[in-house]
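Notes follow the structure.
Throughout, protein chains are lettered first and strands after them, A, B, ... in sequence-line order, and every chain is numbered starting at 1.
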Number of protein chains: 2
Amino acid sequence: MVTEVRRIRAFNRTVTRRLGVLNEKYLGRDRPYVESRLLFEIGTKGADVRALRGRLGMDSGFMSRLLRSLERKGLITIRPSPEDGRVRVVRLSRQGLAELRRIDALSDRLAQSMLASLTRVQTQRFMAAMSEVETLLRASSVEIAMADPASRDARHCLDRYFSEIDARFSSGFSRSQSGSEHADFIPPRGCMLVARLFGEPMGCGALRTLGTGLGEIKHMWISPEARGLGIGRRLLAELERVAKKHRVCAIRLDTNASLIEALRFYRSTGYREIGRYNDNPYAHHWFEKALK
Amino acid sequence: MVTEVRRIRAFNRTVTRRLGVLNEKYLGRDRPYVESRLLFEIGTKGADVRALRGRLGMDSGFMSRLLRSLERKGLITIRPSPEDGRVRVVRLSRQGLAELRRIDALSDRLAQSMLASLTRVQTQRFMAAMSEVETLLRASSVEIAMADPASRDARHCLDRYFSEIDARFSSGFSRSQSGSEHADFIPPRGCMLVARLFGEPMGCGALRTLGTGLGEIKHMWISPEARGLGIGRRLLAELERVAKKHRVCAIRLDTNASLIEALRFYRSTGYREIGRYNDNPYAHHWFEKALK
DNA sequence: ACAGTTATCTGACTAAAGTCAGTAAATGGT
DNA sequence: ACCATTTACTGACTTTAGTCAGATAACTGT
């Protein structure tokens, strides 16, 4: 443990020095750093102010003022969202896009400066190690928390979950027939967990009680961009922990045959296939695991 | 090239997000971030104000004020350097040391928080990849520049070089007999290169002309803490480049038998062993390489 | 319809981080 | 001995990066 901590601190120090300094010098050259950063986060596709605030962890007043400043400079346009009149959608203007390209070019130059003095072999090793570090850093940054199934993040995950299974099930999927209610996933009857990466929801999982001592896992979903980080395992372990605390001694779940990774995943985490225990028309496989 | 740049940018982004945010939140909790950072840089051993300014790239007025603030809080003591009355040496007071330990503890906590959610296997891979990235990031951060042999950085390198060979040569080493003058390494008669990592001198190498079309490499030295980064190769390549530009077509050098890495290094970079070409009493091996 | 929530905005303020010009002392080179 | 440099310090100032307490409008659930 001590060695690991020392390693991380050395890494932290070197990386902060190299990237931190250059980042700020490159990106914040002729405008405040946070403004560049904001332009960068808005990106070519534009974004909700709300989402930006979440991603950057910024005070709403401060954000508002920054947006006003960028607007005055003609770099962005702000208009209300068509779906929700409270939220604003920010887009880069033609000028803002040009500015973003400039920032991108600087950012590229920074990246190239990091390669300039390395040999070919060093570069290859560098790339591989960076991928690895990035993946694991993302994995270690994922935070799992209880959430109300009606909350925005939970609904976002569920919506994406349902649209994904609708696309993947050979028969499609109709949400009205799914037979699970939000209320099932609110303590003490059950619970819902959301996994977030840098503030954005990347996965969910829910638990409900079927009867005394019997629980059921529902709605396990991981966003495609966050797969391979071990989030599924962490969600499941956490749900099982919660279940155990509520005196659940066996957990069941069902799955559609088209979800091959899910089948493999449950088998590898200790779930045994059992006979049909419900009348879910979309289920082909039923599993159970005893909690000890 | 495009792939590499994209990789680096993704890495850059994830790392900045994870480390940057946490760093500032952890370290800057109850005092300004730069003050914590300064305490951290002063470290248990203390430091020259000059060196601190270089390392942190700080305005001297700003630095002065920060030091005054830390002094008022009783965290540091400042006194003139015994060697040079202009420079000040900063040391942490008892209280400052306690504060540093507190910062260290927070820093450790940050490191641990990065490991908390990883499995054992993930942690191992993480450590290996971080070492690799750190090494290569350091390698890529080394900057090589021409320097006056009388400059502070060059003298620092040469002093350490001579004291190292004095320790390693079985017969010791006396600088007065070395027979090379500073003036030899000033253009156009020769040149001296210094390699710097984050502003601090980490290695040097010099070239002088022996006769028409004939050059000689002298004083190649790499700081122990920066070995294995490929600095030697880069210095040598750069010296050869300079030599070629000055119509040198062959380069010679001599070496003491105790410098085994040096012998291996020169052999592997294209130098062939030749007969004695000078009367250097410390030399056991003589090399030459033709420049094409 | 209405109470409670959410998203954004405004004004008033503060702390942090830095810049710049000029001064004074010590040092190094000639 | 003297001049140019280097190092640190001071004062005056600016910009950057926030925080906090409301106000307002749009939405949500009942």
Side-chain angles (χ1 to χ4, degrees), chain A residues 20-21 24-25 27-38 47-73 76 78-90 148-156 181-183 186, chain B residues 20-21 24-25 27-38 47-73 76-90 148-156 182-183 186:
Chain A
V21 172
E24 284 175 35
K25 291 303 164 206
L27 297 185
R29 250 192 354 181
D30 49 5
R31 77 175 69 258
Y33 180 64
V34 283
E35 284 192 8
S36 294
R37 185 122 171 60
L38 186 51
D48 282 9
V49 170
R50 177 175 56 185
L52 290 172
R53 214 149 41 77
R55 252 184 281 168
L56 296 168
M58 223 174 241
D59 173 85
S60 81
F62 185 35
M63 169 67 85
S64 189
R65 228 177 303 276
L66 281 176
L67 289 172
R68 214 82 317 106
S69 157
L70 291 176
E71 198 177 25
R72 265 200 311 279
K73 291 171 189 162
I76 58 171
I78 307 179
R79 58 188 63 232
S81 156
E83 295 124 44
D84 183 338
R86 290 167 305 180
V87 331
R88 303 291 150 102
V89 178
V90 195
D148 186 320
S151 68
R152 215 168 48 82
D153 284 355
R155 281 203 328 260
H156 169 86
E181 299 294 332
H182 278 176
I186 292 177
Chain B
V21 173
E24 285 177 35
K25 290 302 165 206
L27 297 184
R29 252 192 353 181
D30 48 6
R31 79 174 68 256
Y33 180 65
V34 282
E35 284 192 9
S36 294
R37 185 123 172 59
L38 187 49
D48 283 7
V49 170
R50 177 176 55 187
L52 289 172
R53 214 148 42 75
R55 253 185 280 167
L56 295 168
M58 227 174 238
D59 174 84
S60 83
F62 186 34
M63 168 68 83
S64 192
R65 229 178 303 277
L66 282 176
L67 290 172
R68 216 76 323 105
S69 157
L70 291 176
E71 199 177 26
R72 265 199 313 278
K73 291 171 188 161
I76 58 171
T77 59
I78 306 180
R79 59 189 64 231
S81 158
E83 296 123 46
D84 184 335
R86 290 167 303 181
V87 331
R88 304 290 149 105
V89 178
V90 196
D148 186 318
S151 68
R152 215 165 49 80
D153 284 355
R155 281 203 330 260
H156 169 86
H182 278 176
I186 292 176

Quiz prompt | Whole-Å distance separating the CG atom of A/Asp148 from the P atom of D/dG29 | solution = 10 Å

Exercise. Please state whether the phosphate of C/dT10, meaning OP1 or OP2, lies under 4.0 angstrom from any side-chain nitrogen or oxygen of A/Arg68.
Key: yes

Self-check item: Length of the line joining B/Leu67:CG and D/dA8:P, which is rounded to integer Å
Solution: 9 Å

Quiz item: Within the pair A/Arg86 and C/dT6, is there a side-chain N or O less than 4.0 Å away from OP1 or OP2?
Solution: no

Self-check item: Euclidean distance, atom CE of residue A/Met58 to atom P of D/dC20 [Å, nearest integer]
Solution: 16 Å

Exercise. Name the residue closer to the 5' end of DNA chain D, choosing between B/Asp48 and A/Gly85 according to the nucleotide with the nearest heavy atom.
Key: B/Asp48

Exercise. To the nearest Å, give me how far apart CZ (B/Phe62) and C1' (D/dT10) are.
Key: 15 Å

Quiz item: Would you say A/Arg152 reaches C/dT5's phosphate, i.e. side-chain N/O to OP1/OP2 under 4.0 Å?
Solution: no

Self-check item: Backbone N/O of A/Arg50 and side chain of A/Asp48: donor-acceptor pair under 3.5 Å
Solution: no

Self-check item: Nearest heavy atoms of A/Leu67 and A/Ile76, plus distance in Å
Solution: O-CD1, 3.4 Å

Practice problem: Check every strand shown and say whether A/Asp84 touches a base, only sugar-phosphate, or nothing at a heavy-atom separation below 4.0 Å. | Solution: sugar-phosphate

Exercise. Of all the heavy-atom pairs spanning B/Pro149 and B/His182, show the shortest one and how long it is.
Key: CG-O, 3.6 Å

Practice problem: Calculate the interatomic distance between B/Met63 atom CE and D/dT10 atom C1'; express it in whole Å. | Solution: 16 Å

Quiz prompt | Chi angles and distances behind the side chain to side chain donor-acceptor pair (under 3.5 Å) call for B/Ser69, B/Arg65 | solution = CA-CA 6 Å; B/Ser69 157; B/Arg65 229 178 303 277; over 6 Å; no

Quiz item: Which part of the nucleic acid does B/Arg65 contact within heavy-atom distance under 4.0 Å: base, sugar-phosphate only, or nothing?
Solution: base

Self-check item: Backbone of B/Ala150 reached by a side-chain donor or acceptor of B/Arg155 within 3.5 Å
Solution: yes

Self-check item: Protein-nucleotide distance (A/Glu35, atom CD; D/dG18, atom C1'), rounded to Å
Solution: 14 Å

Practice problem: Please report, rounded to the nearest Å, how far the C1' atom of D/dG18 is from the CG atom of A/Asp59. | Solution: 7 Å

Exercise. Pick base, sugar-phosphate or nothing for B/Arg53, based on heavy-atom distances below 4.0 Å to the nucleic acid.
Key: sugar-phosphate

Quiz item: Relative to the 5' end of DNA chain D, which residue comes earlier, A/Ser81 or A/Ser60, by the nucleotide with the nearest heavy atom?
Solution: A/Ser60

Practice problem: Quickly work out the A/Arg37 CZ to D/dT16 P distance and round it to whole Å. | Solution: 17 Å

